**Student:** 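Can you keep this structure in mind? I'll have questions shortly.
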Amino acid sequence: MAAKLVVGNWKMNGSVEKNRSLVSALLQDEATAGAVVCPPCVYLSQVRDLIAGSRLRLGAQNVSRYGDGAYTGDVSAQMLAEFGCRYVIVGHSERRALFGEFDADVAQKMVVAVAAGMTPIVCVGESLQQRQQGDAVAVVLAQLQAAKELAGVEVLQASVVAYEPVWAIGTGVAATLLDVAQMHGAIKTALREWGAGDLSLLYGGSVKPEGASELMALPGVDGVLVGGASLVAAQFVAICRAAM
Ligand code: PEP
């Protein structure tokens, strides 16, 4: 069985001192080998230096859809790759909801990330209302289909997908094992039909150490994308242990 992937999304949290202490605690436990940390962009250089020589890996939380040029405030995929990022999160629901990103932006970001040698972590997920209306699977598959059609199947094959129900992100209410199993089953079936059956599928949304092993033991769950708990060394380490 392939190793499970654990990705920590620090969101807009951290400071030079907090990052130093968090990373130093993570490096003390072998369970974090292979895990990915995604600090805010300004700290990528600091965290790259802190994890140098270890098996902890670096990711970014966002990337410009454009190449280098007159795009004030953006950071290109080439720049992220130059700073050691192997992964980049794209299409996170916070970016879709708060920064107006649409499927076309997400697809373009996937394309530039892959072209720069990084693995995009493509987030998809339904709102509470969509789930209550019985549309969860259709919404998520439509987001993935858009990614496949706009970015191309080769780019999708080079990505990781994270199923993150919007109502579970940062709320403390994780999806049930049944919800996750059903959604991951539907996503894996679609990916296989599209010739992208080998890519890793993560679950994200209020993942905590409690229940992490049961979650990652589900068929079709290849790892987790962790927000809040990735800021607490003991919790992130415990989730990495559950992934072993
Ligand atoms: C996330 O930011 O992708 C996330 C899943 O956050 P949390 O674990 O805090 O719900």
Side-chain angles (χ1 to χ4, degrees), residues 4-14 18-19 22 26 32 35-41 43-44 47 57-63 85-99 101 105-106 109-110 113 118-128 130-131 136 139-140 143-144 147 159-177 179-181 183-184 187 200-216 218 220-243:
K4 307 278 177 184
L5 180 63
V6 180
V7 181
N9 174 15
W10 294 3
K11 311 199 188 196
M12 200 166 72
N13 294 291
K18 283 183 188 160
N19 304 342
L22 175 56
L26 298 184
T32 62
V36 181
V37 288
C38 303
C41 189
Y43 297 126
L44 287 171
V47 175
R57 294 179 282 179
L58 191 62
Q61 298 176 18
N62 187 27
V63 61
C85 290
R86 294 177 54 181
Y87 292 86
V88 58
I89 299 170
V90 299
H92 192 282
S93 65
E94 287 155 13
R95 297 224 51 97
R96 291 182 194 253
L98 303 173
F99 300 96
E101 290 188 8
D105 305 288
V106 177
K109 289 175 181 209
M110 291 167 67
M118 292 184 293
T119 302
I121 300 172
V122 186
C123 301
V124 292
E126 81 287 358
S127 67
L128 184 58
Q130 289 164 333
R131 174 157 286 270
V139 165
V140 166
Q143 288 170 339
L144 272 177
S159 306
V160 164
V161 170
Y163 166 55
E164 296 212 303
V166 178
W167 46 271
I169 298 179
T171 58
V173 184
T176 65
L177 293 178
D179 292 338
V180 178
M183 184 62 82
H184 277 232
I187 295 174
S200 293
L201 177 56
L202 314 183
Y203 167 78
S206 295
V207 174
K208 300 282 179 253
E210 307 75 43
S213 357
E214 289 84 347
L215 183 61
M216 280 184 271
L218 287 176
V221 176
D222 303 311
V224 285
L225 177 52
V226 186
S230 70
L231 297 168
V232 183
Q235 293 194 11
F236 193 66
V237 166
I239 293 169
C240 290
R241 283 210 193 112

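When a ligand or atom number is given, it counts from 1 through the structure's own listing order. It should be emphasised that the depicted structure is a prediction, and the values quoted were computed from it without experimental measurement. Every heavy atom of this structure was used, including side-chain atoms; hydrogens, water molecules and symmetry mates were not. One is the number of the first residue; the rest follow in order along the sequence.
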**Student:** Using a 4.0 Å heavy-atom cut-off, which part of Ile169 comes near ligand 1: side chain, backbone, both, or neither?
**Tutor:** both
**Student:** Look at the side chain of Lys4 and the backbone N and O of Val221, then say whether any donor-acceptor pair between them is shorter than 3.5 Å.
**Tutor:** yes
**Student:** For Leu201, is there any backbone N or O sitting under 3.5 Å from a side-chain donor or acceptor partner on Asp222?
**Tutor:** yes
**Student:** Of all residues at least two apart in sequence or in a different chain, which pass the salt bridge (charged side-chain N to carboxylate O under 4.0 Å, His left out) check with Arg241?
**Tutor:** Asp29
**Student:** Name the residue from Val7, Val37, Leu5 that meets the side-chain contact (heavy atoms from CB on, under 4.5 Å) definition with Tyr87.
**Tutor:** Leu5
**Student:** So, is Ser206 polar-close to ligand 1, with some N/O to N/O distance under 3.5 Å?
**Tutor:** yes
**Student:** Identify the closest protein heavy atom to atom 1 (C) of ligand 1: which residue and atom is it, and at what distance?
**Tutor:** His92 NE2, 3.2 Å
**Student:** Give the atom numbers and elements of ligand 1 that come within less than 4.0 Å of a heavy atom of Gly205.
**Tutor:** 5 (C), 10 (O)
**Student:** Could you check atom 5 (C) of ligand 1 against the protein and tell me its nearest heavy-atom contact, residue, atom and distance included?
**Tutor:** Glu164 OE2, 3.0 Å
**Student:** Side chain or backbone of Ala168 under 4.0 Å from ligand 1, or both, or neither, by non-hydrogen atoms?
**Tutor:** backbone
**Student:** What pairs of residues pass the salt bridge (charged side-chain N to carboxylate O under 4.0 Å, His left out) test when at least one of them lies in residues 223-233, not counting sequence neighbours?
**Tutor:** none
**Student:** Return yes if some donor-acceptor pair links the side-chain N/O of Glu126 with the main-chain N/O of Val140 below 3.5 Å, else return no.
**Tutor:** no
**Student:** Is the closest side-chain heavy-atom distance between Pro39 and Leu44 below 4.5 Å?
**Tutor:** yes
**Student:** Counting each atom of ligand 1 from 1 as listed, which ones have a heavy atom of Gly228 under 4.0 Å away?
**Tutor:** 7 (P), 8 (O), 9 (O)
**Student:** Out of curiosity, is Gly170 lining ligand 1, as in a heavy atom under 4.0 Å away?
**Tutor:** yes
**Student:** When the ring planes of His184 and Tyr203 are compared, do they come out parallel, tilted or perpendicular, using 30° and 60° as the limits?
**Tutor:** tilted
**Student:** Report yes if some N/O of Gly227 lies less than 3.5 Å from some N/O of ligand 1; otherwise report no.
**Tutor:** yes
**Student:** Give the residue, atom name and distance (to 0.1 Å) of the protein heavy atom nearest atom 2 (O) of ligand 1.
**Tutor:** Lys11 CE, 2.6 Å
**Student:** Under 4.0 Å, counting heavy atoms only: does Ala162 come that close to any atom of ligand 1?
**Tutor:** no
